[in-house]
Amino acid sequence: MAKGGKKKGGNRKHARTKDKNHTKTRASVIATKKRTKDIDQVHDDLKVPEKFKPGVLERDEDLPGMGQFYCIACARFFQTAEIKAVHEKSKLHKRRMQKAKDTPHTQRDAEMAAGMTHE
C-alpha cells in the first residue's frame with residue numbers, strides 16, 4: 001500500500017472507457033466494413049422472390065449450403081432450410097424486412113422536398 005492507506009490503481013473498471021468512445025465512426029473502420037446490399041437493392045429483389053428459391057439459384061461450392069438457401073432481405077446464405085427458418089424468426093431479419101417493404105425514396109421525392117419544381 002502507498003502512503004495514506006489507499007491502493008494504487010483504484011477501481012480499474014472504467015480505466016479504458018475513454019479510449020473506446022466513437023471507435024465505429026473512424027473513417028478507417030467504415031472503409032473496411034463488410035458491405036451488404038442497400039435497402040433499395042433489397043426492395044428490387046423482393047419484387048421477384050422466385051429468382052431466389054432453392055433449385056433456381058445456381059450451385060456454388062464456396063457459399064454455405066451450396067448457395068441454395070438465401071435470405072433476400074438480409075442478403076445472406078445459410079447451410080440448411082432449418083437454419084434459414086430460425087433466422088427468419090430473428091429480430092434482425094424482421095427489422096430488415098420492415099425496412100425493405102417501405103417504398104424507397106426517389107430522386108423526384110428529394111427534389112420535391114427541396115422545393116425544386118418538376119416539369
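Model, not experiment: these values are computed from the prediction.
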* To do: Treating Ile, Leu, Val, Met, Phe, Trp and Tyr as nodes and any side-chain heavy-atom pair under 4.5 angstrom as an edge, say whether Tyr70 and Leu46 lie in one connected cluster.
  => yes

Drop me the distance from [X]'s [atom1] to [Y]'s [atom2], to the nearest 0.5 angstrom.
X     : Y     : atom1 : atom2 : value
Lys84 : Gln68 : NZ    : CD    : 11.0 Å
Cys71 : Met97 : SG    : CE    : 7.5 Å
Glu88 : Ile83 : CD    : CD1   : 12.5 Å
Glu82 : Thr80 : CD    : OG1   : 4.5 Å

* **Minimum heavy-atom distance between Ala100 and Val42, given as atom pair plus value** => CB-CG1, 3.7 Å

What donor-acceptor contacts under 3.5 angstrom involve side-chain atoms of residues 51-60, with partners at least two apart or in another chain?
from	atom 1	to	atom 2	distance (Å)
Asp60	OD1	Asp62	N	3.1

* Asked: Where do Arg96 and Ile39 land on the side-chain contact (heavy atoms from CB on, under 4.5 Å) test, with the steps shown first?
  -> CA-CA 8 Å; Arg96 293 276 301 182; Ile39 288 295; 4.0 Å; yes

* Asked: To which residues is Val48 joined in a hydrophobic cluster, defined by side-chain heavy-atom contacts under 4.5 Å among Ile, Leu, Val, Met, Phe, Trp and Tyr, whether direct or through other members?
  -> none

* Taking atom CD of Glu61 as the centre, report whether more than 12 heavy atoms of other residues, nucleotides or ligands fall under 6.0 Å from it. => no

* For the residue pair His87 and Phe78, categorise the inter-ring angle as parallel (less than 30°), tilted (30 to 60°) or perpendicular (more than 60°). => tilted

* Non-neighbouring partners of Lys47 that pass salt bridge (Lys or Arg N to Asp or Glu O under 4.0 Å), sequence neighbours left out -> Asp44

* To do: Please lay out, stage by stage, how Lys94 and Gln98 fare under the test side-chain contact (heavy atoms from CB on, under 4.5 Å).
  => CA-CA 6 Å; Lys94 290 176 184 176; Gln98 191 66 39; over 6 Å; no

